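The chains referred to below are lettered A, B, ... by the order of the sequence lines, with proteins before strands, and numbering in each begins at 1. Because the structure is predicted, anything quoted here is derived from the model rather than measured.
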Number of protein chains: 2
Amino acid sequence: MSPKQQRGEATVDRLLTAALDVYAASGQSGFTVNAVLKASGVSLGSLYHHFGSFDGLAAALYTRCMEQLFDEMIAALSRARTARTGVRALVTAYLRFTEERPDAALFIHGSAYSGYLSAHSEHIRTAKAAKLAVIADWLRPRVEAGEIAPLPAPLIEVLVMGPVAETAHRWLSSTYDMDLTQAARILPDRIWRSLQPD
Amino acid sequence: MSPKQQRGEATVDRLLTAALDVYAASGQSGFTVNAVLKASGVSLGSLYHHFGSFDGLAAALYTRCMEQLFDEMIAALSRARTARTGVRALVTAYLRFTEERPDAALFIHGSAYSGYLSAHSEHIRTAKAAKLAVIADWLRPRVEAGEIAPLPAPLIEVLVMGPVAETAHRWLSSTYDMDLTQAARILPDRIWRSLQPD
DNA sequence: CAGTTTTCTAGAAAATTATTCTATTTCTTG
DNA sequence: CAAGAAATAGAATAATTTTCTAGAAAACTG
């Protein structure tokens with residue numbers, strides 16, 4: 001892809017990686033410009049050169065983590081044949097990502113819609129819509145074939161993503177006694193039921 | 001309850017009300033100490049006396065809005081007899097609250113788990129758990145009677161609240177084309193299916 | 001009801017955090 | 001290699017939150 005990687009690309013990556021580390025280690029309250037500078041070894045000027053603002057950095061990090069999550073879900077989906085298998089794969093992939101990459105999952109859930117949104121919500125929304133469209137495209141023919149109940153696409157999305165996101169969120173808060181293994185065993189079937197045609 | 005209301009209680013109320021107004025009018029980025037002071041006419045000293053920090057104010061506002069939402073859901077639930085009616089009432093009440101009190105709903109979704117969490121998450125979690133317990137207590141006998149599938153309580157909560165919260169969130173973002181009326185017509189039944197015993 | 005204590009209000013000063021700005025270095029390109 | 005663009009650097013500035021001291025209002029006590 002990039003035989004000679006720009007100097008700046010490496011800096012961008014260092015910043016994003018360090019920012020995720022800082023967030024995981026110190027939470028929202030420790031998530032400051034200075035902390036990220038120290039953790040990354042990058043200068044203030046570079047940070048503002050590449051991201052324009054600290055919120056810009058956070059928005060980029062959110063986008064990156066969110067796209068990684070969706071890419072895992074889409075990869076799992078592409079291996080499925082029937083609607084039922086596909087929906088269950090989506091659920092399982094989300095929960096697996098949460099368990100395997102808790103830092104990224106925590107940032108997604110902790111900073112989503114949370115201030116960083118304000119200025120960059122449009123860009124974030126577009127990025128998310130693009131990923132959702134891939135999933136919607138996979139589901140559409142199954143809806144038309146009657147494998148899935150004939151519901152508006154946004155409601156299908158909400159029925160699938162809602163319970164999984166809420167589960168991940170509770171597990172990441174780690175005070176609700178949420179058992180991810182149990183959730184992964186039970187939820188795929190339950191969510192599938194909510195989409196099943198009569 | 002309070003024949004002679006403390007002077008301070010009125011101040012607390014003025015601050016919370018003004019804070020919600022500011023948030024609704026200016027969003028997360030305009031949500032600052034000074035903006036709330038100006039909107040409320042309360043002094044800086046009073047704010048810090050009553051809430052300890054600006055995050056403390058935000059946490060109190062979040063708790064208040066969240067409890068109002070749950071109280072509506074619980075009131076709707078208490079009018080129901082069967083499990084099916086109860087679950088559908090929960091969903092409908094959440095969506096109605098979102099439509100009728102968009103300011104409160106927006107603050108709940110916009111600031112939830114979003115920085116204000118850090119310091120006061122414990123208190124918030126306790127308050128939320130108390131409300132969830134009321135709902136769990138209503139559902140438990142129905143689960144034992146076989147009206148609802150025998151799932152762990154957290155998973156029932158997640159299956160009900162997940163899709164509704166996600167729907168509200170998208171509608172409040174107002175860029176996803178989410179139709180609340182349509183959602184209120186379709187979701188109660190779909191969510192109920194996910195809880196139905198075999 | 002005077003004296004005492006606590007609660008509440010007030011806002012200036014300090015500390016923390018984000019952003020702007022100018023200078024310098026490194027890369028790219030003709 | 002010269003000129004311009006991109007990237008790095010950090011001091012200075014601006015914005016925002018928090019602390020702190022002082023005083024007014026209310027509650028309490030003998």
Side-chain angles (χ1 to χ4, degrees), chain A residues 1-23 25-62 110-111 114-121, chain B residues 1-19 21-23 25-62 110-111 114-120:
Chain A
M1 177 67 76
S2 62
K4 103 179 117 176
Q5 187 184 26
Q6 306 271 2
R7 166 177 53 143
E9 287 306 308
T11 303
V12 164
D13 217 73
R14 292 234 308 282
L15 281 168
L16 291 175
T17 302
L20 191 57
D21 288 349
V22 167
Y23 192 91
S26 325
Q28 185 88 13
S29 63
F31 189 57
T32 65
V33 173
N34 277 332
V36 172
L37 292 184
K38 211 180 74 174
S40 64
V42 169
S43 77
L44 180 61
S46 290
L47 191 159
Y48 274 82
H49 172 74
H50 289 292
F51 294 108
S53 68
F54 190 57
D55 282 5
L57 165 66
L61 181 55
Y62 174 81
S111 86
S114 157
Y116 311 141
L117 183 94
S118 324
H120 306 86
S121 57
Chain B
M1 178 68 80
S2 62
K4 101 178 115 178
Q5 187 185 24
Q6 306 270 1
R7 165 178 53 143
E9 287 305 309
T11 304
V12 164
D13 217 72
R14 290 235 306 283
L15 282 168
L16 290 176
T17 302
D21 289 349
V22 168
Y23 193 91
S26 326
Q28 184 89 15
S29 63
F31 189 58
T32 65
V33 173
N34 277 332
V36 172
L37 291 184
K38 211 180 75 175
S40 64
V42 170
S43 77
L44 180 61
S46 290
L47 192 159
Y48 274 82
H49 172 74
H50 289 292
F51 294 109
S53 68
F54 191 58
D55 281 7
L57 165 66
L61 180 56
Y62 174 81
S111 88
S114 156
Y116 312 139
L117 184 94
S118 323
H120 306 87

*If the plane angle is over 60° it's perpendicular, under 30° parallel, otherwise tilted; pick one for B/Phe31 and B/Phe54.*
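The arrangement is tilted - the two ring planes meet at 30° to 60°.
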
_From C-beta outward on A/Leu44, which listed nucleotide comes closest to its side chain: D/dT18, D/dG10, D/dT8?_
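It is D/dG10.
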
*Of the nucleotides D/dA9, D/dT18, C/dA18, which one has an atom closest to the side chain of A/Ser46?*
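Of the options given, the side chain of A/Ser46 lies nearest D/dA9.
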
_Evaluation steps, side-chain contact (heavy atoms from CB on, under 4.5 Å), between B/Leu15 and B/Thr11_ = CA-CA 6 Å; B/Leu15 282 168; B/Thr11 304; 4.2 Å; yes

In whole angstroms, how far is the [atom2] atom of [N] from the [atom1] atom of [X]?
X       : N      : atom1 : atom2 : answer
A/His50 : C/dT26 : NE2   : C1'   : 12 Å
B/Phe31 : D/dA15 : CZ    : C1'   : 17 Å
B/Phe54 : C/dT17 : CZ    : P     : 16 Å
A/Asp55 : C/dT19 : CG    : P     : 6 Å
B/Asn34 : C/dT16 : CG    : C1'   : 15 Å
B/Lys38 : D/dT17 : NZ    : P     : 14 Å
A/Tyr48 : C/dT19 : OH    : P     : 4 Å
A/Leu15 : D/dA9  : CG    : C1'   : 13 Å

Taking 4.0 Å as the cut-off, does a side-chain nitrogen or oxygen of [X] come that near to OP1 or OP2 on [N]?
X       : N     : result
A/Thr11 : D/dT8 : yes
A/Ser43 : D/dT8 : no
A/His49 : D/dA7 : yes

*With sugar-phosphate meaning primed atoms plus P, OP1 and OP2, does B/Thr32 contact a base, only sugar-phosphate, or nothing at under 4.0 Å between heavy atoms?*
sugar-phosphate

*Nearest-0.5 Å distance that lies between atom CG in B/Asp13 and atom NE2 in B/His50*: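 Answer rounded to 0.5 Å: 11.0 Å.
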
*asked:* Using side-chain heavy atoms (C-beta onward) and a distance below 4.5 Å, is B/Phe51 in contact with B/Leu16?
replied: yes

In a table with atom names and distances, give each donor-acceptor pair under 3.5 Å that connects a side chain of residues 36-46 of chain B to protein atoms at least two apart or in another chain.
unit_1: B/Ser40; atom_1: OG; unit_2: B/Val36; atom_2: O; d: 2.8
unit_1: B/Ser40; atom_1: OG; unit_2: B/Leu37; atom_2: O; d: 3.3
unit_1: B/Ser40; atom_1: OG; unit_2: B/Val42; atom_2: N; d: 3.2
unit_1: B/Ser43; atom_1: OG; unit_2: B/Ser46; atom_2: N; d: 3.2
unit_1: B/Ser43; atom_1: OG; unit_2: B/Ser46; atom_2: OG; d: 3.3

